[in-house]
Structure formats: structure tokens, C-alpha cells
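As C-alpha cells, the structure follows; a few thoughts come after it.
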There are 2 protein chains.
Amino acid sequence: MDDTLALASFLALSNATRLKILKCLVSAGTDGMLAGDVALAADATPSRASFHLANLQETGMITSTRKSRHISYAVNYDAVGELMKYLLQDCCQNNETVRMCCTSSECC
Amino acid sequence: MDDTLALASFLALSNATRLKILKCLVSAGTDGMLAGDVALAADATPSRASFHLANLQETGMITSTRKSRHISYAVNYDAVGELMKYLLQDCCQNNETVRMCCTSSECC
DNA sequence: CTTTCATTTCAAGAATCATTGAAATATAAG
DNA sequence: CTTATATTTCAATGATTCTTGAAATGAAAG
């Protein structure tokens, strides 16, 4: 991952509404979630949800597929993983302490 | 880690100068780096470097210790690890794909 | 105690980002 | 073809963040 995408991804994660949306989509699973439902779940107007969904999609962390009149959004775990990898390896030079936080569910 | 700290940490990482500073401090090792040297390395004015160092310190990802007239900054890997953990566990519900990106140096 | 050096703080302006509501687009149904 | 539904786009405003340079602080040396 290049620095520009990493910066954009961190910026995307730095907004409360977008973080909420990401968590919703994780909970929704592989089927994803319709834009309207995301707006309801995130307590945002359709316009606002759309804005933040587009922002997240620009970073690659979520994807969208149209389903007739609706649009379904889903998490792209590969992209999130790439960001984790960037933080661990490119930023922290694969530091042991940082890496240990992710090697088991019981950590830190 | 609570959401507020996570949001502030992601915001801190979303700035090019701050990301550069963090990488410098990682390279500097446990001894850390003097504020003035950070400014030089990050190609920023002392004032600007100080602003970004303070911002990073607020998130806990770096620490400072005064050494006579100088102030030395160093990375706090525990805090960075906590953020990784938040992203992996709290956001991604410990998703396998995301976790795999951090379990070995050869991954993704 | 004065000076010097390293760093921070502050205020102002510039830049970026977020919110709002209305209008536009796309798809399907009658 | 017209209407209804779902979503996005747009422009304007508001809010937050960043940069800059000058002044203030803190610590050591003469």
C-alpha cells in the first residue's frame, strides 16, 4: 500500500459516522447492507450516509453492488488487512510489540 | 481502547507530516529523537513539528522526555498495538483475513 | 542576572472536511 | 409513459484542522 492510500484510509477511519458504518457492515456479513439501512443504522440522512459510503469506497475498504433499485455495501477485508499491514510493517518496521496485538484474540 | 481515542488516533495518522514523524521515531529506536531533529527530518518548521508532535502525543502513540535543554520523543508501541487491536477486534470482529495480515512478516 | 538555545504557545488566515436540503439520476412498477 | 422508490450529486454553509511567524517559556552557560 502506498502512503497516499494509507493516509486516505486513516482519514476515512477518523470520522465517527464512517467508523459506525464500517462496524455495521462488518456485522452485516458477506451479504452486505443496503444504503438505506446503513443510513438508518448509522443515524444519518441518506445524503450524509451516501457521502460517507463513497468516501469509504474510495479507500477500497468497502465495495458496492447494485441490486435492482437498491445498492448493497460490504466490507472488503483485504483492504483493511492491507492497512493493518502498512501500519505494522511500513510504519512500525514489524515491531514485535505491535505485532503481538494481532496474533491471537487474547492479547495485549 | 474507546472509540474517542481510536478516532483521534486515526486522525493523527491521517496527516502526511505526522506519519513521516512517526516513521522517523520508529527508525530512531528506543532512544528517541530530539524535537529539533524531528523537524529537520520531517522537513517542517519547529513550530509545525511541535504542533504535530503534540497531536501524536495526545493519542499516546508517542512519548516525550526532557533532556536538559532538549526534548526527546519516542514511539509508544503499546499504544500503536492497541489501535491495531481496536481495528482488528472492535471494528472487524477479529476477522481472519484481516488478522492474517499481521501474523507473519510474509503475509497478504 | 543576562544571554543563548531549544521548544512551545498563540492568533490569524488558509485549507480541508462535514452537513444540509434540494435537485438529479437510475431502476422498477402500474 | 407516468409515477414511485432508492440513491447520489450538487452548492452553500458551517466546522475542523493546518500553517505561519511572532512572542513566550524553560533550561543551561557565561
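Proteins come first, then strands; the chains are lettered A, B, ... in the order of their sequence lines, and each starts at number 1.
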Who pairs with A:Ala39 by side-chain contact (heavy atoms from CB on, under 4.5 Å), at least two apart in sequence or on another chain?
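Partners of A:Ala39 by the side-chain contact (heavy atoms from CB on, under 4.5 Å) criterion, ordered by chain and then number, come out as A:Ala49.
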A:Ala28: side-chain contact (heavy atoms from CB on, under 4.5 Å) partners, not counting sequence neighbours:
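With neighbours one apart ignored, the set is A:Met33.
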Show every salt bridge (charged side-chain N to carboxylate O under 4.0 Å, His left out) that has at least one partner inside residues 5-29 of chain B, sequence neighbours left out.
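Listed once each, the pairs are A:Asp3-B:Lys23.
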Produce a footprint string for nucleotides 25-30 of chain C: one letter per nucleotide, 5' end first; B if the base is under 4.0 Å from any protein heavy atom, S if only the sugar-phosphate is, - if neither.
--BB--
Could you give the [atom1]-to-[atom2] distance, from [X] to [N], as a whole number of Å?
X: A:Asn55; N: C:dT16; atom1: CG; atom2: P; answer: 15 Å
X: A:Leu11; N: C:dT16; atom1: CG; atom2: P; answer: 12 Å
X: B:Leu7; N: D:dT17; atom1: CG; atom2: P; answer: 11 Å
X: B:Ile71; N: D:dA28; atom1: CD1; atom2: P; answer: 11 Å
X: A:Glu58; N: D:dT9; atom1: CD; atom2: C1'; answer: 13 Å
X: B:Leu13; N: D:dT17; atom1: CG; atom2: P; answer: 15 Å
X: A:Asp43; N: C:dT19; atom1: CG; atom2: P; answer: 12 Å

Quick one: is [N] close enough that its OP1 or OP2 comes under 4.0 Å of any side-chain N or O from [X]?
X: A:His52; N: C:dA18; result: no
X: A:Tyr73; N: D:dT8; result: yes
X: B:His70; N: D:dA27; result: no

Step through the shown structure and confirm whether more than 12 heavy atoms of other residues, nucleotides or ligands are within 6.0 Å of CG on A:Asp2.
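For A:Asp2, atom CG is crowded (more than 12 foreign heavy atoms under 6.0 Å).
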Hey, can you pull the donor-acceptor pairs under 3.5 Å for the side chains in residues 66-73 of chain B, sequence neighbours left out?
| residue | atom | partner | partner atom | Å |
| --- | --- | --- | --- | --- |
| B:Arg66 | NH1 | B:Ser68 | O | 3.3 |
| B:Ser72 | OG | B:Asp31 | O | 3.2 |

Listed partners of [X] passing side-chain hydrogen bond (donor to acceptor under 3.5 Å, both in side chains), at least two apart:
X: A:Thr63; answer: none
X: B:Thr17; answer: B:Arg48
X: A:Tyr77; answer: none
X: B:Ser64; answer: B:Gln57

Side-chain donor or acceptor of B:Ser9 paired with backbone N/O of B:Leu5 under 3.5 Å:
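Here the side-chain-to-backbone pair exists.
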Under 3.5 Å, which protein N or O atoms sit close to an N or O of nucleotides 20-24 of chain C? Give each pair with its distance.
| residue | atom | partner | partner atom | Å |
| --- | --- | --- | --- | --- |
| C:dG21 | O6 | A:Ser47 | OG | 2.7 |

When you measure from every atom of DNA chain D, which of residues 14-40 of chain A have a heavy atom less than 4.0 Å away?
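A:Leu34, A:Ala35, A:Gly36, in order of number.
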Under the 4.5 Å side-chain heavy-atom rule for ILVMFWY, direct or indirect, which residues accompany A:Leu11?
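B:Leu11, all in the cluster of A:Leu11.
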